[in-house]
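Down below is the structure, laid out as structure tokens.
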Amino acid sequence: RDDALLATFRAAAPHVDVASAAAPPALADLLLSGSCRALVIDVALVEGALGALIAKLADQFPELPLVAVGTRADEAA
């Protein structure tokens, strides 16, 4: 979990509830609760193929905005 990234989001939008999921089951619970209005994916924390994960999420939640964030080094990986 990237605490600095979470703090940045919370500071930028203090009126928005920002949740974090440490593992896939926790993410699934958040997504299925219907309370997520957007999903920000920290590229550095994704295990496996990022493209496959994004494609799967887009198929399952077509109206959910997906945003992947990372560093230049993450882009090259």
Side-chain angles (χ1 to χ4, degrees):
R1 175 173 112 169
D2 187 334
D3 290 326
L5 180 62
L6 288 170
T8 299
F9 281 116
R10 289 183 175 127
H15 60 285
V16 174
D17 184 23
V18 176
S20 121
L27 175 59
D29 289 345
L30 283 170
L31 292 172
L32 294 173
S33 74
S35 63
C36 288
R37 297 189 185 194
L39 176 62
V40 178
I41 302 167
D42 186 344
V43 174
L45 301 179
V46 173
E47 294 179 9
L50 177 63
L53 172 66
I54 291 175
K56 184 175 182 178
L57 289 168
D59 282 345
Q60 291 180 332
F61 304 96
E63 297 191 16
L64 181 69
L66 303 172
V67 179
V69 298
T71 65
R72 295 268 184 220
D74 295 329
E75 281 183 38

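What you see below is based on every heavy atom in this structure, not just the backbone, and it leaves out hydrogens, waters and symmetry mates. Computed from a prediction, not measured in an experiment: that's the story for all the values here.
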### Message
Could you tell me if the side chain of L57 sits less than 4.5 Å from the side chain of L64, heavy atoms only?
### Response
no

### Query
Does the pair L39 and L27 meet the rule for a side chain to side chain contact (heavy atoms under 4.5 Å, CB included), with working shown?
CA-CA 10 Å; L39 176 62; L27 175 59; 3.8 Å; yes

### Message
What's the separation between atom OG in S20 and atom CG in D3, rounded to the nearest 0.5 Å?
### Response
8.0 Å

### Rounded distance [0.5 Å steps], CG in D2 versus CZ in F9
9.5 Å

### Task
Could you tell me the separation between the CD1 atom of I54 and the CD1 atom of I41, rounded to the nearest 0.5 Å?
4.5 Å

### Task
For side chain to side chain contact (heavy atoms under 4.5 Å, CB included), just list the numbers for L6 and V18, CA-CA rounded to whole Å, side-chain angles, deciding distance to a tenth of an Å, and then say yes or no.
CA-CA 8 Å; L6 288 170; V18 176; 3.9 Å; yes

#### Entry: Spatial distance of atom CD (E47) from atom CG (L53) [nearest 0.5 Å]
11.0 Å

### Task
Treat each ILVMFWY residue as a node, draw an edge where side-chain heavy atoms are under 4.5 Å apart, and state whether L50 and F61 are in one component.
yes

### Task
Decide yes or no on side chain to side chain contact (heavy atoms under 4.5 Å, CB included) for V43 and V69, but give the supporting numbers first.
CA-CA 6 Å; V43 174; V69 298; 5.8 Å; no

